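We count ligands from 1, going down the list as the structure has it; atoms in each ligand are counted the same way. Because the structure is predicted, anything quoted here is derived from the model rather than measured.
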Amino acid sequence: MTRTPVNVTVTGAAGQIGYALLFRIASGHLLGADVPVKLRLLEIPQGLKAAEGTAMELDDCAFPLLKGIDITDDPNVGFAGANVALLVGARPRTKGMERGDLLSANGGIFKPQGKAINDNAADDIKVLVVGNPANTNALIAQAAAPDVPAERFTAMTRLDHNRAISQLAAKTGAAVSDIKRLTIWGNHSATQYPDIFHAEIAGKNAAETVNDEAWLADTFIPTVAKRGAAIIEARGASSAASAANAAIDHVHTWVNGTAEGDWTSMGIPSDGSYGVPEGLISSFPVTTKDGRYEIVQGLDINEFSRARIDASVKELAEERDAVRGLGLI
Ligand SMILES: NC(=O)C1=CN([C@@H]2O[C@H](COP(=O)(O)OP(=O)(O)OC[C@H]3O[C@@H](n4cnc5c(N)ncnc54)[C@H](O)[C@@H]3O)[C@@H](O)[C@H]2O)C=CC1
Ligand SMILES: O=C([O-])CC(=O)C(=O)O
């Protein structure tokens, strides 16, 4: 049976994440090896020529699953019929900036894009916001799309999740595939909280296996939370291939489900779970099945974790208040 292609819109398609992302979408890594896709590349006018060059290279790969590429600078065209939207296009931070410094620079992008999604996307649209500050940009887009169920707007903390798994594997000598149930809580920012108290390494509790609170507080958490800045320092540009990889992971997991006994981390609109005010787009532990996600309930949150979750959530509330003040939500 021939499947109808899934329409995938990528904003910022001519940027460095876009370049690392599009080829993997077209080769089947986003949705599955048997799912045909149509790509819609949304750029600003200055980015259109480079996007055309990328489209030429996509053609040159002769990907069997790629059923078409459209390029546009009009959000209404870019999101028409979109089933999946990856909102990557934004200004990346440079040395010395915090992600929050980008709020006003990028906020203006996400309101019109949210409205264009509201007016043009398919009924089953799923949105992942990658552009920073990702959580609050997702909130802005979601607020501008009142006809789309709020839970379809998500923000990327999967890169943080993957970074945390990699750091924990390096510390313990475990294989990354042996690490399960890790959680990123809160904001995709330096306040985020990577939580290993419920994580498992080859079936054993990770915090007990590590048994080193000083390493946790002084090395692990800051290394994960400040990894973005460390990459900028080392590379002279913000993470691109790892960010694209995390975007692929996020959507793939959302659509295809988490493995039995495991969960992932996604920035999603809070339903009030774990004391996170309803509506804030905060990272939670989630399981996914049949294209839907659910927050993992009933985790015991110790004092160490509580203080850190609260600090990150406080920052999210401040960002929400700031964009409210700017009239963006
Ligand atoms: N959530 C996460 O874990 C991560 C987020 N990021 C963020 O992703 C974003 C993109 O990063 P890069 O690709 O490195 O940046 P880049 O500067 O290489 O590319 C951004 C692209 O977006 C385009 N663009 C700007 N405004 C647009 C608009 N209104 N509509 C469509 N396209 C638009 C630009 O023309 C450019 O081609 C940045 O905000 C960066 O901070 C980066 C790494 C990880
Ligand atoms: O740090 C940045 O600006 C880019 C980013 O979000 C990351 O690498 O986590």
Side-chain angles (χ1 to χ4, degrees), residues 9-22 40-54 71-79 85-117 127-138 140-141 154-164 166 184 186-192 194 223-251 265-267 281 283:
T9 301
V10 178
T11 76
Q16 50 156 5
I17 295 177
Y19 194 72
L21 184 59
L22 290 164
R40 193 73 55 74
L41 315 187
L42 179 64
E43 259 293 346
I44 49 175
Q46 308 88 288
L48 287 176
K49 190 147 191 280
E52 277 161 21
T54 305
I71 304 170
T72 180
D73 61 0
D74 178 347
N76 289 316
V77 176
F79 294 113
L86 303 174
L87 308 192
V88 179
R91 183 180 151 199
R93 68 174 166 151
T94 40
K95 260 188 208 178
M97 289 172 87
E98 282 303 320
R99 295 181 187 110
D101 296 336
L102 297 170
L103 265 184
S104 53
N106 286 329
I109 297 174
F110 290 86
K111 190 170 176 176
Q113 289 186 355
K115 177 155 181 7
I117 288 170
V127 182
L128 167 62
V129 176
V130 175
N132 279 316
N135 301 55
T136 299
N137 285 340
I140 293 167
T154 67
M156 191 164 94
T157 54
R158 185 63 174 262
L159 179 53
D160 311 297
H161 182 96
N162 290 345
R163 287 167 171 163
S166 170
I184 303 294
N187 201 1
H188 172 63
S189 77
T191 68
Q192 67 178 267
T223 299
V224 174
K226 295 183 187 160
R227 187 71 165 182
I231 302 280
I232 293 170
E233 186 63 39
R235 231 171 68 82
S238 67
S239 329
S242 57
N245 178 67
I248 296 273
D249 284 351
H250 177 114
V251 174
S265 304
M266 288 170 68
I281 298 199
S283 188

Response to the item:
One finds that the ligand 1 atoms under 4.0 Å from a non-hydrogen atom of L159 are 3 (O), 44 (C)
Worksheet item: Which atoms of ligand 1 have any heavy atom of G12 under 4.0 Å away?
Response: 21 (C), 22 (O), 23 (C), 31 (C), 32 (N)
Worksheet item: Going by the order shown, which atoms of ligand 1 are within less than 4.0 Å of some heavy atom of L42?
Response: 31 (C), 32 (N)
Fill in: Minimum heavy-atom distance between R235 and A240, given as atom pair plus value
NH2-CB, 3.8 Å
Discussion item. Looking only at protein heavy atoms, which one is nearest to atom 12 (P) of ligand 1, and what is the separation?
Written reply: Q16 CG, 3.7 Å
Practice prompt. Give the atoms of ligand 1, by number and element, whose distance to some non-hydrogen atom of G131 is under 4.0 Å.
Written response: 7 (C), 8 (O), 9 (C), 39 (O)
Worksheet, complete the sentence: Nearest non-hydrogen contact to atom 7 (C) of ligand 1 from the set N135, T157, N132, L21 belongs to N132
Worksheet entry | Part of M156 with heavy atoms under 4.0 Å of ligand 1, whether side chain, backbone, both or neither | both
Fill in: Atom pair OG1 (T9) and CD (Q113), whose distance is rounded to the nearest 0.5 Å
10.0 Å
Worksheet item: Against heavy atoms of V130, which atoms of ligand 1 measure under 4.0 Å?
Response: 1 (N), 2 (C), 4 (C), 5 (C), 6 (N), 7 (C), 8 (O)
Fill in: Under-4.0 Å heavy-atom contact with ligand 1, by part of Q113 that carries it
side chain
Worksheet item: Counting heavy atoms only, which part of A243 comes closer than 4.0 Å to ligand 1: side chain, backbone, both or neither?
Response: side chain
Worksheet entry | atom 20 (C) of ligand 1 - nearest protein heavy atom and its distance | A90 O, 3.4 Å
Worksheet entry | Nearest non-hydrogen protein atom, atom 34 (C) of ligand 1 | E43 OE1, 3.5 Å
Fill in: S239 to ligand 1, any heavy atom closer than 4.0 Å
yes
Worksheet item: With atoms numbered from 1 as shown, which atoms in ligand 1 lie under 4.0 angstrom from a non-hydrogen atom of A14?
Response: 37 (O)
Worksheet item: Considering only the protein, which heavy-atom contact is closest to atom 15 (O) of ligand 1, and what is its distance?
Response: P92 CG, 3.4 Å
Practice prompt. Could you pull out all residues at least two apart from T154 that satisfy side chain to side chain donor-acceptor pair (under 3.5 Å)?
Written response: H250
Mind listing the N or O contacts between ligand 2 and protein, cut-off under 3.5 Å?
unit_1, atom_1, unit_2, atom_2, d
ligand 2, 1 (O), R93, NE, 3.2
ligand 2, 1 (O), R93, NH2, 2.8
ligand 2, 1 (O), R99, NE, 3.2
ligand 2, 1 (O), R99, NH2, 3.0
ligand 2, 3 (O), R93, NE, 2.6
ligand 2, 6 (O), R99, NE, 3.0
ligand 2, 6 (O), N132, ND2, 2.8
ligand 2, 6 (O), H188, NE2, 2.6
ligand 2, 8 (O), R163, NH2, 2.7
ligand 2, 8 (O), S239, OG, 2.6
ligand 2, 9 (O), R99, NH2, 2.9
ligand 2, 9 (O), R163, NH1, 2.8
ligand 2, 9 (O), R163, NH2, 3.3
ligand 2, 9 (O), H188, NE2, 3.2

Practice prompt. Around atom 29 (N) of ligand 1, find the nearest protein heavy atom and jot down its residue, atom name and distance.
Written response: I109 CG2, 3.3 Å
Response to the item:
If you scan protein heavy atoms around atom 27 (C) of ligand 1, the nearest is I44 CG2, 3.5 Å
Worksheet, complete the sentence: heavy-atom search around atom 2 (C) of ligand 1 in the protein gives H188 NE2, 3.2 Å
Practice prompt. First locate atom CG of L102, then atom CG of N132, and finally report the distance between them rounded to the nearest 0.5 Å.
Written response: 6.5 Å
Practice prompt. Using only heavy-atom distances, determine whether the side chains of R163 and S239 contain a donor-acceptor pair under 3.5 Å.
Written response: yes
Worksheet item: Nearest to atom 10 (C) of ligand 1, what protein heavy atom do you find, and at what distance?
Response: V88 O, 3.2 Å
Discussion item. If you measure every N or O of L102 against every N or O of ligand 1, does any of those distances drop under 3.5 Å?
Written reply: no
Practice prompt. Using distance alone, decide if ligand 1 has a nitrogen or oxygen within less than 3.5 Å of any nitrogen or oxygen in G47.
Written response: no
Discussion item. Donor-acceptor pair, distance only, cut-off 3.5 Å: does the side chain of N106 make one with the backbone of A90?
Written reply: no
